[in-house]
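Since the structure is predicted, the reported quantities are computational estimates derived from the model, not experimental observations. Throughout, a chain's letter reflects where its sequence line sits, starting with A, and its residues are numbered from 1.
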Amino acid sequence: MTQPSKSELTLDKIVSLAKRRGFAFQSSEIYGGLNGCWDYGPLGVELLRNVKDEWWKTMTLRENIEGIDASILMHPRVWEASGHVENFTDPMIDCRQCKARYRLDTLSDEISVKKIWEAVEKVQSSNGTGIVEEWRKTSPALASLDKKQPEDVIRTEFAGTLERFPVLVLPELSCPNCGNKATFTEARKFNLMFKTFVGPVEDSSAAVYLRPETAQGIYVNYQNVVASSRQKLPFGIAQIGKAFRNEINTKNWLFRTREFEQMEMQFFVKPGTDDDWFEKWRHERIEWFTNLGINKDKLHFHRHEKDKLAHYAKDAYDIEYQFPFGWGEIEGIHNRTNYDLTRHQEFSGKSMEYFDDASKEKYIPYIIETSAGASRSFMAFLVDAYAEEDTGKEIRSVLKFHPRLAPIKVAVLPLVNRETMPEIARNIFDDLRKRFRAFYDDAGSIGRRYRRQDEAGTPFCVTVDSQTLQDQTVTVRDRDSMKQERVGSAKISEYLENKLKRQNE
RNA sequence: GCGGGAGUAACUCAGUUGGUAGAGUCACAGCCUUCCAAGCUGUUGGUCGCGGGUUCGAGUCCCGUCUCCCGCUCCA
C-alpha cells in the first residue's frame with residue numbers, strides 16, 4: 001500500500017472535504033460569508049467536542065487542577081492591567097513603495113538622529129499652521145532646534161511627535177527599508193479587541209471588550225478558586241472558552257480567525273520552582289497531541305527568542321504542527337512569571353499574594369501557562385488524520401482519527417437487505433446509539449458503505465451477515481487495517497468500551 | 001493592508017466571437033448485490049458570489065464590492 005506524499009495535501013482539499021462531510025462551513029455562507037468566521041457542522045462539532053473533552057479530562061481528572069468558566073465580558077480595567085489596551089492599539093503604517101510595515105511608535109528607532117533633525121527642520125520651516133504650533137508646545141526640545149540635546153531625549157520626543165502628529169512628519173521621512181521618501185500610508189490605528197457596550201445605550205463610559213484571551217478570566221478568579229476549593233500551591237485552573245481578536249488579516253481557514261476557542265490551563269507555582277514546572281508541562285503537553293495520534297514528525301517546539309518574548313514572559317515555547325501551509329502554533333507554553341497577578345494587584349488594589357502555611361512565606365505565585373487553540377487543534381487533528389491510500393484498484397480517502405476523537409464511533413450495517421439482517425442490525429444500532437455516537441446505513445454495496453465511513457473517520461463498522469442468523473455474532477471491521485473480527489452481538493458494547501477506554505494518566 | 005489566483009449544482013469542473021446553463025461525483029427512491037466505491041433505472045438539486053453598467057439580449061464585456069486560496073506583512 002503506497003501513500004502519496006503528504007506534501008500534495010493542500011488546504012483546499014481539506015476545506016472541500018470538510019464542507020462535503022459536514023466538518024466546517026463558512027459562516028453566513030448564503031450571504032456571501034463573513035471574513036474569517038466558520039461554523040462547525042454535524043461531524044465537526046463532534047470532533048471539536050471530543051478534542052475539548054479529551055483536554056478537559058486530561059487536565060481535571062487529577063487532584064491539583066480545578067476548572068472554571070469565566071464570563072467573556074469582563075471589567076474594562078482587566079485589559080488595562082493585562083497590557084492589551086496598550087499593546088493592541090498600535091498605529092501602523094505601510095511603505096507604498098516596498099510594502100514594508102512599521103509600528104508608528106517604533107519607527108523612529110530605525111531612523112538616524114541626522115535624519116530626524118532634517119525632518120524636524122522641514123516641519124519647523126513649514127507655514128505656521130495650527131498643528132505646527134501645537135506640536136511646538138508638546139515637543140520643546142525639538143522645536144528649539146537644540147541639537148545638543150541628548151539623543152534619548154530627541155528620540156523620545158520624536159517618537160511622541162510621530163504618534164501625535166503623523167501627518168506632520170511622515171511626509172518628511174524616508175522608508176528605512178527602501179529609502180524612498182514620502183511613501184508612507186496614513187497611520188491607521190488597529191484596535192485588536194472587539195468593543196461593545198454594556199446596556200442598550202452606546203455610551204462610551206459603558207464600553208467593554210470581548211475577551212482577547214481566556215487567561216485573564218482565570219487570573220482574576222485565582223483568589224476565589226484558592227478560597228473555595230482549598231487548593232494549595234502548586235495547582236492549576238483550567239478553562240475552555242471563546243476568545244476574540246479583531247485580526248488585521250484572517251487566513252488559512254480555521255487557523256487565524258477572529259472568533260476562536262482556547263483551552264487554557266494556568267498553573268500557579270512558587271517562584272523559583274517555575275523553571276521545573278515549565279519543563280514538566282511543556283513535555284506533558286506535546287505528549288497529549290502524540291497520544292491522540294498526531295504524527296510526531298509533524299510536531300515540534302518553537303522557542304521564542306529572548307528578545308522577542310512577550311512583555312509578560314520569561315520563557316516561551318510554541319508547539320507547532322506542520323500544516324499544508326507551513327508550521328503553525330497550536331499551543332503555547334509560557335512562563336508568565338508573576339506579571340499578570342502583580343498587575344492585577346496593582347490595578348485592582350486587591351492582594352494577589354499567596355500565604356504558604358508550611359513555610360509561612362507570602363508571595364505572588366508564578367504562572368506557567370499552557371494555552372492550546374481548540375480550533376487549531378481541531379484543524380491539526382483533521383489534517384493529520386487525512387490519508388489517501390492506494391488499494392490497488394482505487395484511492396481510498398480515510399480520516400484516521402484516534403477512536404476517542406472520531407465524530408462517529410461505530411456504524412451498523414446489514415450486509416444485504418435480506419432475510420432479517422436489517423431488523424437485527426436495527427436492533428443492534430438502537431442499543432449502541434444510546435451509548436456511542438452511532439450511524440446506521442443500509443444503502444448501496446457494503447464496500448461503498450465502508451468507504452463512506454472511512455471518509456467520516458468512523459473507526460469501527462459492525463456488519464450483520466448470514467452467519468449472524470446462525471450464531472448471533474457480527475463482524476467488526478477496523479477502519480485502518482480494514483481487517484475484521486467476529487464478536488458476539490451482545491458483546492459489541494463492551495468491545496467498543498474497551499477500544500475507547502482512556503489510559504490511566 | 002499590498003500583490004497574485006479563483007468564485008457556475010452539496011463536491012470537482014466544462015461552458016465557443018455575448019444568444020434558453022452542462023458533465024462526473026454525491027444525495028434520494030427502486031433494482032441488483034453475501035464483505036471493501038464508481039452495475040442498472042429514475043429523481044431532487046443552479047440567486048452563474050453580490051450590486052451596478054453596456055446591450056434587443058450578459059455565466060461571458062466594463063465598474064464596484066464580498067469571500068476563499070497562495071505569497072508578502074502582521075501575529076502584543
Are side-chain N/O atoms of Asn335(A) and Tyr366(A) paired as donor and acceptor at under 3.5 Å?
no

Taking [X] for the side chain and [Y] for the main chain, is one N or O donor matched with an acceptor at less than 3.5 Å?
X: Lys19(A); Y: Ala24(A); value: no
X: Gln453(A); Y: Cys461(A); value: no
X: Arg258(A); Y: Asn246(A); value: no

Using a heavy-atom cut-off of 4.0 Å across all strands, would you classify Gly36(A) as base, sugar-phosphate, or nothing?
sugar-phosphate

Mind checking if Leu413(A) touches a base, just sugar-phosphate, or nothing, with heavy atoms under 4.0 Å?
nothing

Could you tell me the separation between the [atom1] atom of [X] and the [atom2] atom of [N], rounded to a whole number of Å?
X: Asp442(A); N: rC36(B); atom1: CG; atom2: P; value: 19 Å
X: Phe23(A); N: rC11(B); atom1: CZ; atom2: C1'; value: 15 Å
X: Phe323(A); N: rC75(B); atom1: CZ; atom2: P; value: 20 Å

Using the [atom1] atom on both, measure [N] against [M] and round to a whole Å.
N: rC48(B); M: rC66(B); atom1: C1'; result: 16 Å
N: rA9(B); M: rG22(B); atom1: C1'; result: 10 Å
N: rU12(B); M: rU65(B); atom1: P; result: 27 Å
N: rU17(B); M: rC31(B); atom1: C1'; result: 48 Å
N: rC2(B); M: rG64(B); atom1: P; result: 13 Å
N: rG18(B); M: rC28(B); atom1: P; result: 42 Å
N: rU20(B); M: rU25(B); atom1: C1'; result: 26 Å
N: rG49(B); M: rA6(B); atom1: C1'; result: 11 Å

Parallel, tilted or perpendicular, as decided by the 30° and 60° cut-offs, for the rings of Trp327(A) and His300(A)
parallel

[X] side chain N/O closer than 4.0 Å to the phosphate oxygens (OP1, OP2) of [N]?
X: Arg21(A); N: rC11(B); value: no
X: Arg448(A); N: rA37(B); value: no
X: Lys19(A); N: rC11(B); value: yes

Pair of N/O donor and acceptor under 3.5 Å linking rU73(B) base with Lys251(A) side chain:
yes

Quick check for you: among [options], whose closest atom lies nearest to any side-chain atom of [X]?
X: Arg20(A); options: rC70(B), rC11(B), rA76(B); answer: rC11(B)
X: Asn35(A); options: rU12(B), rU67(B), rA10(B); answer: rU67(B)
X: Asn249(A); options: rG1(B), rC69(B), rU67(B); answer: rG1(B)
X: Phe325(A); options: rC70(B), rA10(B), rC68(B); answer: rC70(B)

Assert yes or no for the condition that the ring centre distance of Phe194(A) to Tyr209(A) is strictly below 6.0 Å.
no

In the 5'-to-3' direction, what one-character label does each nucleotide of nucleotides 30-35 of chain B receive under the scheme B = base within less than 4.0 Å of a protein heavy atom, S = sugar-phosphate only, - = no such atom?
---BBB

Distance-only check: which donor-acceptor pairs under 3.5 Å involve side-chain atoms of residues 417-424 of chain A, not counting sequence neighbours?
{"unit_1": "Asn417(A)", "atom_1": "ND2", "unit_2": "Asp442(A)", "atom_2": "O", "d": "3.0"}

More 5' along RNA chain B: Glu213(A) or Ser16(A), using each one's nearest nucleotide?
Ser16(A)

For Thr463(A), the option from Ile446(A), Val476(A), Val412(A) that meets side chain to side chain contact (heavy atoms under 4.5 Å, CB included)
Ile446(A)

